[in-house]
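A short write-up of the structure that comes next.
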Amino acid sequence: DTGVSQDPRHKITKRGQNVTFRCDPISEHNRLYWYRQTLGQGPEFLTYFQNEAQLEKSRLLSDRFSAERPKGSFSTLEIQRTEQGDSAMYLCASSLITAGGANEQFFGPGTRLTVL
Amino acid sequence: GESVGLHLPTLSVQEGDNSIINCAYSNSASDYFIWYKQESGKGPQFIIDIRSNMDKRQGQRVTVLLNKTVKHLSLQIAATQPGDSAVYFCAFNTGRRALTFGSGTRLQVQP
């Protein structure tokens with residue numbers, strides 16, 4: 001399967017614990033996005049990278065959230081000191097941005113986080 | 001799998017009928033539009049896209065219509081099948097940055 005993959009698919013943690021999620025984008029894609037989705041809502045943008053550069057992070061929900069893409073390939077999203085309100089589906093998407101091209105984003109299956 | 005969109009507007013159609021799902025957007029600078037299909041417990045799946053310099057684009061059994069005057073987007077599915085049952089989201093892009101998603105619509109196809 002050459003699509004976007006995410007790991008783990010499900011994570012249950014206790015309040016106050018740190019969690020880290022991984023995303024592997026489509027291999028030739030230079031852009032990688034993180035979104036969060038709660039029940040009944042569309043995905044909400046968090047942050048994105050072009051290659052290894054994080055181009056926008058102002059939409060991260062708090063300073064407890066951070067993301068990295070150290071080598072411009074896979075990315076990790078970390079949530080520190082989790083709270084029950086962090087329970088959601090965390091989605092990763094990737095796209096190939098070229099001159100004049102559209103921003104067609106392909107999504108992974110998501111990581112479902114439950115904070116007890 | 002977990003349900004997506006427990007309280008979303010629902011469109012119920014008979015198998016074989018055509019479906020039309022509508023979406024409104026507010027940012028007149030939006031220049032790229034995508035329709036996604038999301039099944040329970042899965043990530044959004046790309047269906048079809050359209051750029052702002054077009055008003056219609058067709059795919060296999062799907063057509064997207066864009067009316068920039070009233071900031072309205074629609075997805076038409078021809079000969080709807082049970083496998084089309086899902087939540088459908090429109091999404092907008094401005095300047096090739098992150099997507100903004102509209103509110104979803106649940107499509108239920110009755111056999």
Side-chain angles (χ1 to χ4, degrees), chain A residues 1 3-6 9-10 12 21 23 25-26 29-50 54-60 67 87-114, chain B residues 1-10 21-27 29-54 57 59 64 66 73 75 86-106:
Chain A
D1 186 351
V4 179
S5 62
Q6 292 186 245
R9 294 293 308 278
H10 302 275
I12 300 174
F21 309 140
C23 171
I26 294 171
H29 283 185
N30 51 11
R31 286 262 183 103
L32 187 149
Y33 302 80
W34 285 100
Y35 292 83
R36 186 179 85 148
Q37 186 176 29
T38 53
L39 283 177
Q41 305 294 322
E44 173 190 11
F45 167 69
L46 296 177
T47 186
Y48 83 97
F49 296 83
Q50 178 150 330
Q54 191 172 12
L55 297 187
E56 186 167 347
K57 55 182 180 180
S58 62
R59 304 287 291 276
L60 286 168
S87 295
M89 175 79 86
Y90 290 84
L91 293 161
C92 176
S94 70
S95 67
L96 177 63
I97 292 292
T98 59
N103 187 11
E104 186 176 327
Q105 296 185 23
F106 295 90
F107 282 81
T111 294
R112 165 65 60 187
L113 173 65
T114 301
Chain B
E2 185 170 350
S3 295
V4 174
L6 296 177
H7 304 291
L8 293 171
T10 298
I21 300 172
N22 297 303
C23 189
Y25 64 97
S26 58
N27 187 349
S30 296
D31 53 13
Y32 178 60
F33 306 85
I34 307 177
W35 279 101
Y36 286 95
K37 171 186 180 184
Q38 189 170 27
E39 297 172 295
S40 244
K42 297 183 178 180
Q45 175 189 353
F46 176 92
I47 301 174
I48 191 168
D49 60 355
I50 188 168
R51 296 203 196 194
S52 58
N53 60 353
M54 303 172 67
R57 189 161 187 228
V64 55
L66 174 62
L73 190 70
L75 175 69
V87 176
Y88 289 80
F89 290 100
C90 58
F92 326 113
N93 201 196
T94 306
R96 304 200 303 171
R97 297 169 66 193
L99 294 173
T100 300
F101 281 78
S103 54
T105 298
R106 179 185 302 282

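Proteins come first, then strands; the chains are lettered A, B, ... in the order of their sequence lines, and each starts at number 1.
Taking every heavy atom of both residues into account, A:Tyr33 and B:Ala98 meet most closely at CE2-CA, 3.9 Å. The two atoms that bring B:Phe89 and A:Gln41 nearest to each other are CZ-O, 3.7 Å, heavy atoms only. What you find for B:Gly43 and A:Leu91 is that their closest heavy atoms are CA-CD2, 3.9 Å. In plain terms, the two heavy atoms of B:Asp49 and A:Glu104 that are nearest each other are OD2-OE1, 3.8 Å.
When the candidates A:Cys92, A:Pro109, A:Ala93, A:Gly110 are compared by the number of heavy-atom contacts under 4.5 Å with chain B, A:Pro109 comes out ahead. In terms of heavy-atom pairs under 4.5 Å with chain B, the best-connected choice from A:Pro43, A:Ser95, A:Gly108, A:Gly42 is A:Pro43.
Aromatic rings of B:Tyr36 and A:Phe107 (six-membered ring for Trp) have centroids within the 6.0 Å cut-off, being under it.
We find the CG-CD distance between B:Asn93 and A:Gln105 to be 6.5 Å, quoted to the nearest 0.5 Å.
When heavy atoms are compared at a cutoff of 4.5 Å, A:Arg9 approaches chain B solely by way of its side chain, counted from C-beta outward. B:Leu99 touches chain A through backbone and side chain together, each having a heavy atom under 4.5 Å away.
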### Message
Could you go through A:Phe45 and B:Phe101, starting from their C-alpha distance and side-chain angles, then the distance that decides it, and tell me whether this counts as side-chain contact (heavy atoms from CB on, under 4.5 Å)?
### Response
CA-CA 9 Å; A:Phe45 167 69; B:Phe101 281 78; over 6 Å; no
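By the 6.0 Å contact criterion, CG on A:Leu55 is enclosed, its count of non-hydrogen atoms from other residues, nucleotides or ligands being greater than 12.
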